[in-house]
Amino acid sequence: MDADVSPPGAGFDCLAPPRWRGWPALQAWLVHHIKRAALRQMHASRAGEMLLLRLYLVGEESSEQALQRELRTCAPDWLARQLDQHLADEQLHARLFAEAIVERGGAAQAATPLDEASEEAPRPDWLSRRKLARWQRLIQRHAPHFSHGGLVPAYAIGLSAEQMASRILQRHCALIGPRHALHPLLTRVLADEDRHIRLCSHTLQRCVAPHEEARLAQLMHEVRDTERGFGVTGALGMYAAGLALRLRPGSARPLAA
């Protein structure tokens, strides 16, 4: 078995971060250490820092807001206010990341519901687009098996994405330390992501009926496998990009921490 997967009757244990074993555990270890090395490369040049901020900006807009838009089509009334606050948080994060890019001499503009086609708004890369496509297929395949339809797989994907974002931000904050200029921004976003994790978990527990819990465990396993499948490739690509920007002739040093 690749990971601890909740069996039928295990309740909502599947919503907690997985405890990997075997090859998946080695993959997680590799991703963590490659991304730590990649972060050092990114922070060695101003262009690298701007690229890193763009990756965060794209993550806020391409995945979370895409899921939010889908959720709005089938959300019950009791969930509407939570969705509004969640979306407002993600839009704020995108604006903060865009402002940090501009402060470093770059050009970026966070997309808004009224202007999502801005030329300055970053677009998802090839890997991100592939992952989004797989998420859509998961939603379509699992939706008929839940009384709340696509709401459950969309929130399951959202929970996994929030948990991954929390891990990424924790790693980044630990690496740069509290004296770095980006630390206040990252810790602010991290606090919101941890709150979103609790909200996603609570929503799933409210929406999933007892006879649907086994299906939810299967769904969460597939969602996490999708995330894991892109981990090492994405980490290596991030390292290579940071190294290339650091070694580029005339590369400027980042702003003082």
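Only a predicted model underlies this, so the values are computations on that prediction, with no experimental measurement involved. Position 1 is the first residue of the sequence, and the numbers go up from there.
L96 approaches L185 most closely through the heavy-atom pair CB-CD1, 3.6 Å. Here the closest non-hydrogen pair linking P153 and L219 is CA-CD2, 3.5 Å. Scanning all heavy atoms of the two residues, the minimum distance from G177 to H183 falls at O-CD2, 3.2 Å. Shortest non-hydrogen contact noted between C14 and R224 is O-NH2, 3.2 Å. The nearest pair of heavy atoms linking D194 to S166 is OD1-OG, 2.7 Å. The two residues A16 and Q163 make their nearest non-hydrogen contact at C-NE2, 4.1 Å.
Considering only heavy atoms from C-beta on, I168 comes within 4.5 Å of R171 through its side chain. Between F12 and H202, the closest side-chain pair of non-hydrogen atoms is not below 4.5 Å. Using a 4.5 Å heavy-atom cutoff, the side chains of R206 and W78 are in contact. Side-chain contact check for H180 versus L175: every heavy-atom pair is 4.5 Å or farther apart. Annotation: side chain of L216 is in contact with side chain of L15 (closest heavy-atom distance under 4.5 Å). Inter-residue side-chain proximity for R104 and L182 is flagged as met; some heavy-atom pair is nearer than 4.5 Å. Contact check for M238 versus L39: side-chain heavy atoms found under the 4.5 Å cut-off. Side-chain contact between R228 and P24 is present, with at least one heavy-atom pair separated by less than 4.5 Å.
Residues H172 and H43 bring their aromatic ring centres within 6.0 Å.
Here the CG-CZ distance, from L55 to F97, works out to 10.5 Å after rounding to the nearest 0.5 Å. We find the CD-CD distance between E213 and Q205 to be 9.0 Å, quoted to the nearest 0.5 Å. H86 NE2 to H196 NE2: the interatomic distance, rounded to the nearest 0.5 Å, is 4.0 Å. Taking CG of L53 as the reference point, atom CG of L57 lies at 8.5 Å (rounded to 0.5 Å). Between the CZ atom in R198 and the CD atom in E162 there is a gap of 11.0 Å [rounded to 0.5 Å]. To the nearest 0.5 Å, atom CD of residue E90 and atom CD of residue E193 are 5.0 Å apart.
In the hydrophobic clustering of ILVMFWY residues, with side-chain heavy atoms under 4.5 Å counting as a link, V102 and L92 come out apart. With hydrophobic clusters built from ILVMFWY side chains whose heavy atoms lie under 4.5 angstrom apart, L199 does not share a cluster with L151.
Defined by atom type and a distance below 3.5 Å, a donor-acceptor pair is present between the side-chain atoms of E222 and Q218.
More than 12 heavy-atom neighbours from other residues, nucleotides or ligands sit within 6.0 angstrom of CZ on R141.
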Show your working on salt bridge (Lys or Arg N to Asp or Glu O under 4.0 Å) between D84 and R81 and close with a plain yes or no. CA-CA 5 Å; D84 287 341; R81 183 176 300 178; over 6 Å; no

Give the C-alpha distance, both sets of side-chain angles, the deciding distance and a yes or no for side-chain contact (heavy atoms from CB on, under 4.5 Å) between R54 and I101. CA-CA 7 Å; R54 285 180 184 277; I101 293 170; 3.4 Å; yes

From CA spacing to verdict: side-chain contact (heavy atoms from CB on, under 4.5 Å), L159, Y155: CA-CA 6 Å; L159 173 63; Y155 252 98; over 6 Å; no

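With E212 contributing its side chain and S147 its backbone, the two residues share a donor-acceptor pair below 3.5 Å. When atom types are taken as modelled, the side chain of S201 and the backbone of I197 share no donor-acceptor pair closer than 3.5 angstrom.
R195 meets the salt bridge (charged side-chain N to carboxylate O under 4.0 Å, His left out) test with D89, D192; sequence neighbours excluded.
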